[in-house]
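Have a look at the structure below, then the notes.
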Amino acid sequence: MSNNLLAGKVGIISGALNEDSIAWKVALKAHAEGARFVLTNAPLAMRMGEINKLSEQCNAPIIPADATSMEDLEKLFSGAQEQLGGKLDFVLHSIGMSANIRKGKHYGELNYEWFQKTLDVSALSFHKMLAVAEKQDALNEWGSVVALSYIAAQRAFLDYTDMSQAKAVLESIARSYGQRLGKLKKVRVNTISQSPTKTTAGTGISGFDAFYEYANKLSPLGNAPAEACADYCISLFSDLTRYVTMQNLMHDGGFSTTGISEEIVEAITASMSQNS
């Protein structure tokens with residue numbers, strides 16, 4: 001059911017790879033709520049994914065861009081304004097990559113060149129997007145920028161390795177640039193810390209199924225699905241959240257504030273009984 005929350009609004013949605021992607025679901029929701037937007041992803045990701053299908057569904061043009069390249073980002077923001085007929089009301093940053101995770105490197109043996117690439121792709125790209133948007137004066141007043149994060153920015157999680165640092169930097173950028181753009185243009189900048197989600201990137205992490213099941217058993221509401229995260233993004237793009245900025249917003253079914261749950265106690269008790 002559509003409420004036309006984004007009627008008349010235009011923006012950029014990055015990171016849609018396939019139907020499992022949170023960005024893909026955000027695009028579908030934004031389209032249903034009346035928004036027009038440009039889709040973007042890195043050329044390699046576009047070849048691997050199905051973004052053309054999403055483009056047809058949403059009648060959304062595609063502008064390829066490497067989010068680590070200032071030149072590509074300048075073309076993205078200028079091209080989006082040209083395609084959409086004016087300044088932007090919202091931007092979604094849904095970008096993350098770690099070669100260390102893909103190649104199974106443990107935290108004590110990280111390849112530092114890959115680590116720097118993780119930071120560049122997953123965090124500094126957010127600063128670069130915001131810097132280009134500011135330079136081009138590409139955002140309307142009361143616009144909204146959202147990036148997707150994870151609780152490993154605050155807590156230690158096995159096998160999340162250098163992405164933990166990347167997410168911490170991402171959230172810090174949202175605070176610093178949120179202050180700047182709030183003063184300059186009334187633009188708000190937030191991150192959403194989402195439950196473990198069965199996306200292509202998420203399931204590529206060693207032990208992901210254990211991450212997922214543990215969070216699901218601990219959270220009073222269970223893990224937040226990707227569709228619900230998309231709804232949350234839409235609410236942040238809308239005028240209903242005009243005074244929410246510089247926040248890391250937990251969207252995790254209560255995981256982040258739960259100490260232990262009955263399900264976890266039962267699982268541990270059962271395991272102890274089996275081992276006794």
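As a basis for the values below, the full set of heavy atoms in this structure was taken, side chains included, without hydrogen atoms, waters or symmetry mates.
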Less than 4.5 Å apart, any side-chain heavy atom of [X] and any of [Y]?
| X | Y | value |
| --- | --- | --- |
| Lys167 | Tyr160 | yes |
| Asp239 | Arg242 | yes |
| Ile62 | Val38 | no |
| Gln83 | Phe37 | no |
| Met246 | Asn190 | no |
| Phe237 | Val26 | yes |

Under 3.5 Å donor-acceptor, [X] side chain and [Y] backbone:
| X | Y | result |
| --- | --- | --- |
| Ser193 | Ser149 | no |
| Arg36 | His31 | no |
| Glu141 | Lys186 | no |
| Arg188 | Thr241 | yes |
| Ser2 | Asn4 | yes |
| Asn111 | Trp114 | yes |
| Gln136 | Ser78 | yes |
| Gln179 | Arg175 | no |
| Ser21 | Asn18 | yes |
| Asp66 | Thr68 | yes |

Evaluation steps, side chain to side chain contact (heavy atoms under 4.5 Å, CB included), between Thr191 and Gln247:
CA-CA 6 Å; Thr191 54; Gln247 302 299 309; over 6 Å; no
Shortest non-hydrogen contact between [X] and [Y], atoms and distance:
| X | Y | value |
| --- | --- | --- |
| Ser195 | Gly253 | OG-N, 4.3 Å |
| Ala80 | Ile63 | N-CD1, 3.5 Å |
| Phe211 | Leu158 | CZ-O, 2.9 Å |
| Ser122 | Ala166 | CB-CB, 3.8 Å |
| Leu148 | Cys229 | CD2-SG, 4.1 Å |
| Ala153 | Ala168 | CB-N, 3.6 Å |

[X], [Y]: one ILVMFWY side-chain cluster at the under-4.5 Å cut-off?
| X | Y | answer |
| --- | --- | --- |
| Ile192 | Leu181 | no |
| Leu124 | Ile101 | no |
| Phe126 | Val146 | no |
| Tyr107 | Ile151 | no |
| Tyr232 | Val244 | yes |

Using the rule given for side chain to side chain contact (heavy atoms under 4.5 Å, CB included), can you reason through Ile260 versus Val265, listing the C-alpha separation, both sets of side-chain angles and the distance that settles it, and then say yes or no?
CA-CA 7 Å; Ile260 197 164; Val265 170; 3.8 Å; yes
Under 3.5 Å, which donor-acceptor pairs do the side chains of residues 219-227 form with other protein atoms, sequence neighbours left out?
residue, atom, partner, partner atom, Å
Ser219, OG, Ala215, O, 2.6
Ser219, OG, Asp252, O, 3.2
Asn223, OD1, Asn216, N, 3.4
Asn223, ND2, Tyr212, O, 2.9
Glu227, OE2, Lys25, NZ, 3.4

Got a list of side-chain donor-acceptor pairs under 3.5 Å for residues 87-94, not counting sequence neighbours?
residue, atom, partner, partner atom, Å
Lys87, NZ, Asp137, OD2, 2.9
Asp89, OD1, Asn140, ND2, 3.0
Asp89, OD2, Val10, N, 2.9
His93, NE2, Ser125, OG, 2.9

For Gln57, is the CD atom crowded, meaning more than 12 foreign heavy atoms sit under 6.0 Å from it?
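More than 12 within 6.0 Å, yes.
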Flag if over 12 foreign heavy atoms under 6.0 Å of CD, Glu109
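It does: Glu109 CD has more than 12 such atoms within range.
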Side-chain ion pair, Lys75 and Asp72, N-O less than 4.0 Å
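No, Lys75 and Asp72 are not salt-bridged.
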Would you call Asp20 and Lys198 a salt bridge, using N to O less than 4.0 angstrom?
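Here Asp20 does not pair with Lys198 in a salt bridge, since their nearest N and O are not under 4.0 Å apart.
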side-chain hydrogen bond (donor to acceptor under 3.5 Å, both in side chains) involving [X] - partner list, sequence neighbours excluded:
| X | answer |
| --- | --- |
| Ser238 | none |
| Arg180 | Glu134 |
| Gln154 | Glu171 |

How long is the straight-line distance from [atom2] of [Y] back to [atom1] of [X], given to the nearest 0.5 Å?
| X | Y | atom1 | atom2 | result |
| --- | --- | --- | --- | --- |
| Trp142 | Thr245 | CH2 | OG1 | 10.0 Å |
| Ser172 | Asn248 | OG | CG | 11.0 Å |
| Ile264 | Thr269 | CD1 | OG1 | 11.0 Å |
| Ser256 | Leu218 | OG | CG | 9.5 Å |
| Lys103 | Ser98 | NZ | OG | 10.5 Å |
| Leu130 | Lys135 | CG | NZ | 14.5 Å |

Hey, are Thr161 and Asn100 close enough side-chain-wise for a donor-acceptor pair under 3.5 Å?
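No - no donor-acceptor pair under 3.5 Å links their side chains.
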Is a side-chain donor-acceptor pair under 3.5 Å present for Gln194 with Thr197?
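Judged by distance alone, the side chains do pair up.
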Begin with the C-alpha distance, continue with both residues' side-chain angles, and end with the deciding distance and a verdict on side chain to side chain contact (heavy atoms under 4.5 Å, CB included) for Asn41 and Ser14.
CA-CA 6 Å; Asn41 213 330; Ser14 72; over 6 Å; no
Measuring centre to centre across the rings, with the benzene-like ring taken for any Trp, is Phe157 within less than 6.0 Å of Tyr150?
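Aromatic pair counts; centres sit under 6.0 Å.
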For Lys217, check salt bridge (Lys or Arg N to Asp or Glu O under 4.0 Å) against everything at least two apart and list the hits.
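With neighbours one apart ignored, the set is empty.
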